[in-house]
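For reference, the structure is listed below as structure tokens.
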Amino acid sequence: MTASLIKDLHARTEDFLNKEIQVNGWVRTVRPSRTFGFIELNDGTFFSSLQVVYDENLPNFQEVSRLVSGSAIRVAGVLVESPGTKQPFELKAESIAVEEHCEPDYPLQKKRHTFEYLRTIAHLRPRTNTFSAVFRIRSAAAYAIHKFFQERGFVHVHTPIVTGSDAEGAGQMFRVTTLDFDKIPRDEAKLVDFSRDFFGRETSLTVSGQLEAETYCMTFNKVYTFGPTFRAENSNTPRHAAEFWMIEPEIAFAGLAEDMALAEDMLKSVINYILKHAAEELRFLNSFVDKTLLERLENIGGSDFGHITYSEAVDILKDSGRKFEYPVEWGLDLQAEHERYLAENHFGRPVFVTDYPKDIKAFYMRMNNDGRTVAAMGLLVPGVGEIIGGSQREERLDCLEKRMDQLGLNKEEYWWYLDIRKYGGARHAGFGLGFERLLMYLTGMSNIRDVISFPRTPKNAGF
RNA sequence: UCCUCGAUAGCUCAAUCGGUAGAGCAACCGGCUGUUAACCGGUAGGUUGUAGGUUCGAGUCCUACUCGGGGAGCCA
């Protein structure tokens, strides 16, 4: 007999009820009595477990009653309606074969563990309710993002992980090398001779696929990337990881307004997909992790995101009457406390902030007509902070070159990026979405380390 | 990297003024005829994060380090 999936038992119960079936899975808990007992069985296909009822007619009744949580078993029996109130049906076992016993020092218990402890057993934590919910949602959200872009004609571009550009400008980079650290080759000036390294030049892990994505945007009109990104910043916060996944769409013949509309549509689409396809998981997270989660996600579909300019944000903060630790002054970047006030107190929903002063933003952002702000946007979200950063890109070659000169950037390093402006460059815009930050918003988890399977943070790459 | 708080049994925590280590859960043994964080009884389980120091005596006070939480910076 082929094994049935617990997911299907829930989806098409009538097809299985009162029939002989087999289910393979892992024991979550056993509750034995003298002549019978219950097993919570989880097969990984569905959030909820299946209750198995067994009794002393099993030849291996004693062995089954002593099963340690975590053991892998195969159960054959009849699916029947359950007299208990916590589950609609249960499996009346006719035989239980032990696939593999679990050692008694199994670290997971039937009670609550702290997330901090579970991080030390990252290889086992997906077996807990919370993490199985988080990682199933992660999978569904990734699919929902591809679905959203593919259905709108976006081309998925795989931009390189290893990059030769040392000036992508988004942060500290991890170096990629095969040089022997005990015998580093040096040139006449005693500098490291990267011409003898694997790629014949200095290389690093990417901090963004945006510049490469822009080039494909000028071919396919609408493109997106979805891949790993690496930042060697010594950031020790619940919102930063050294390795994370980023989604970066880029659209041609479009400006900042279209860019923001795209971001809003995408977020709403992903949220609606998750509400529909991960309902069990969201219900669980709503009761045990964040009591406001479902309400927040359900409300977002019907509400429009806020829109303010940076200048308006400064005015709102100044007029708020709030005492902030950091000063609010036009030209200074918004601090975390300011962003929180805007998203959580003033708007109470996601809000786009646009048109930042040029001096606090990247060189490639399009200069506005006022000459002192750029067409940039950030999406602030309650509880997480900045989840998206984007801009209309500077498509005018002379403006871009002038800006690079002002900032002292080496134009030769960017020759191919500048070429795009020479050869039929068009207006275009895009943004970067931190996938883990989106997941924090979707799950209510408050630490980025708990929404990525094996998190890499400063001093932590043990798995 | 800075500020701040913390580290005690496998896990979650307690230990009064500095006086010599305690509970629940897990494990193990036994009981229980519908449980669902099952329940009841028992057994075992400790170099109190590491290294120093003060003291007759340190889980408790001091110093350094390691790791972790929260806040900040950098950013997504």
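Labels below follow one simple rule: chain letters A, B, ... track the order of the sequence lines, proteins then strands, and each chain is numbered from 1.
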Please work out if P104(A) contacts a base, only the sugar-phosphate, or nothing of the nucleic acid, heavy-atom cut-off 4.0 Å. sugar-phosphate
Distance, P atom - from rA64(B) to rG6(B), rounded to whole angstrom: 16 Å
Closest to the Q87(A) side chain, choosing from rG73(B), rU35(B), rA76(B): rU35(B)
Measuring only the P atom in each nucleotide, how far is rA58(B) from rU50(B)? A whole number of Å is fine. 15 Å
Quick one: label Y117(A) by what it contacts on the DNA or RNA (base, sugar-phosphate, nothing), any heavy atom closer than 4.0 Å. sugar-phosphate
So, does the side chain of S235(A) form a donor-acceptor pair with the base of rC75(B) at under 3.5 Å? no
Sort by first number and list every stem of RNA chain B: at least 3 consecutive Watson-Crick or G-U wobble pairs, both distances under 3.5 Å. B:1-7 with B:66-72, B:10-13 with B:22-25, B:27-31 with B:39-43, B:49-53 with B:61-65
Is R34(A) salt-bridged to E56(A), cutoff N-O under 4.0 Å? no
Go nucleotide by nucleotide along RNA chain B from the 5' end; which of A242(A) and R340(A) gets its closest nucleotide reached first? R340(A)
Looking across every strand, which nucleic acid part, if any, lies under 4.0 Å from F36(A) by heavy atom: base, sugar-phosphate, or nothing? sugar-phosphate
Please state how far atom CZ in R112(A) lies from atom C1' in rA26(B), giving the value in whole angstrom units. 17 Å
Compare side-chain N and O positions of K86(A) against OP1 and OP2 of rA37(B) and report whether any pair is under 4.0 Å apart. yes
Could you tell me how far apart R449(A) (CZ) and rG68(B) (P) are, to the nearest whole angstrom? 7 Å
Categorize E325(A) for me: base, sugar-phosphate, or nothing, with a 4.0 angstrom heavy-atom threshold over every strand shown. nothing
Could you tell me whether P238(A) contacts a base, only the sugar-phosphate backbone, or nothing, with contacts defined as non-hydrogen atoms closer than 4.0 Å? sugar-phosphate
Give T229(A) one of three labels, base, sugar-phosphate or nothing, depending on what nucleic acid heavy atoms sit under 4.0 Å from its own. nothing
What is the nucleic acid contact for G432(A), judged by heavy atoms within less than 4.0 Å: base, sugar-phosphate only, or nothing? sugar-phosphate
Nearest to the H240(A) side chain among rA37(B), rC75(B), rC28(B), which nucleotide is it? rC75(B)
Starting the side chain at C-beta, find the nucleotide from rU35(B), rU33(B), rC74(B) nearest to T35(A). rU33(B)
Mind checking I448(A) for me? I need base, sugar-phosphate or nothing, with any heavy atom below 4.0 Å counting as a touch. base
Distance, P atom - from rG31(B) to rG46(B), rounded to whole angstrom: 28 Å
Between atom CZ in R34(A) and atom C1' in rC32(B), what is the gap in whole Å? 8 Å
In whole Å, measure the gap between the C1' atoms of rU47(B) and rC32(B) for me. 41 Å
Identify whether a stacking contact exists between Y106(A) and rA26(B), where the ring centres must be under 5.5 Å apart and the planes under 30° apart. no
L334(A) CG - rG73(B) P separation (whole Å): 11 Å
Atom-to-atom span, CD1 of I121(A) to P of rC67(B) - whole angstrom: 20 Å
Between the base of rC74(B) and the side chain of R239(A), is one N or O donor paired with an acceptor at under 3.5 angstrom? no
Distance in angstrom units between R66(A) CZ and rG31(B) P, rounded: 9 Å
With the side chain of N447(A) defined as its heavy atoms from C-beta on, choose the nearest nucleotide among rG69(B), rC67(B), rC75(B). rG69(B)
Is the backbone N or O of I6(A) less than 3.5 Å from a side-chain atom of H10(A), with the two atoms forming a donor-acceptor pair by type? yes
Give one of base, sugar-phosphate or nothing for E243(A), where a contact means two heavy atoms less than 4.0 Å apart. nothing
If you check every side-chain atom of T237(A), which of rG73(B), rG69(B), rG34(B) has the closest atom? rG73(B)
For the P atoms, the ones on rA26(B) and on rC39(B), what distance do you get once it is rounded to whole angstrom? 7 Å
Minimum-distance nucleotide to A336(A) side chain [options: rC11(B), rA76(B), rA72(B)]: rA72(B)
Lys/Arg N to Asp/Glu carboxylate O, R283(A) vs E280(A), below 4.0 Å: yes
Touch class at under 4.0 angstrom, heavy-atom based, for H113(A) against every strand present: sugar-phosphate
Is the closest side-chain heavy-atom distance between F435(A) and L438(A) below 4.5 Å? yes
Quick one: R127(A) CZ to rA37(B) C1', roughly how many Å, whole number? 19 Å
Inter-nucleotide C1' distance (rU33(B), rA37(B)), Å rounded: 22 Å
Side-chain donor/acceptor of E90(A) to base of rG34(B), under 3.5 Å: yes
Is S33(A) close enough to rU33(B) that one of its side-chain N or O atoms is under 4.0 Å from OP1 or OP2 there? no
At under 4.0 Å between heavy atoms, what does Q109(A) touch on the DNA or RNA strands: base, sugar-phosphate, or nothing? base
Quick test of your reading of the model: are R138(A) and E436(A) salt-bridged, counting only N-O distances below 4.0 Å? yes
Honestly, is R296(A) close enough over Y441(A), meaning NZ or CZ under 6.0 Å from the six-membered ring centre and within 45° of the axis? yes
Reckon N236(A) touches a base, only the sugar-phosphate, or nothing at all at heavy-atom distances under 4.0 Å? base
Rounded distance in Å - CG (L118(A)) to C1' (rC11(B)): 10 Å
Rounded to whole angstrom, note down the C1' distance from rG24(B) over to rC40(B). 15 Å
Checking R393(A) against Y417(A): is there a side-chain donor and acceptor pair closer than 3.5 Å? no
Base, sugar-phosphate, or nothing: which does Q335(A) touch, judged by heavy atoms less than 4.0 Å apart? sugar-phosphate
Could D304(A) and K268(A) be called an ion pair, given the rule that one side-chain N must be under 4.0 Å from one carboxylate O? yes
Can a donor-acceptor pair be found, under 3.5 Å and without considering hydrogens, that links the side chain of R403(A) to the backbone of Y364(A)? no
If we ignore angles and hydrogens, is there a donor and acceptor under 3.5 Å between the side chains of N42(A) and E40(A)? no
D43(A) and K7(A) ion-paired at < 4.0 Å: no
For nucleotides rA51(B) and rA7(B), find the distance between their C1' atoms and express it as a whole number of Å. 16 Å
Scan N234(A) against the nucleic acid and name what it touches under 4.0 Å (heavy atoms): base, sugar-phosphate only, or nothing. base
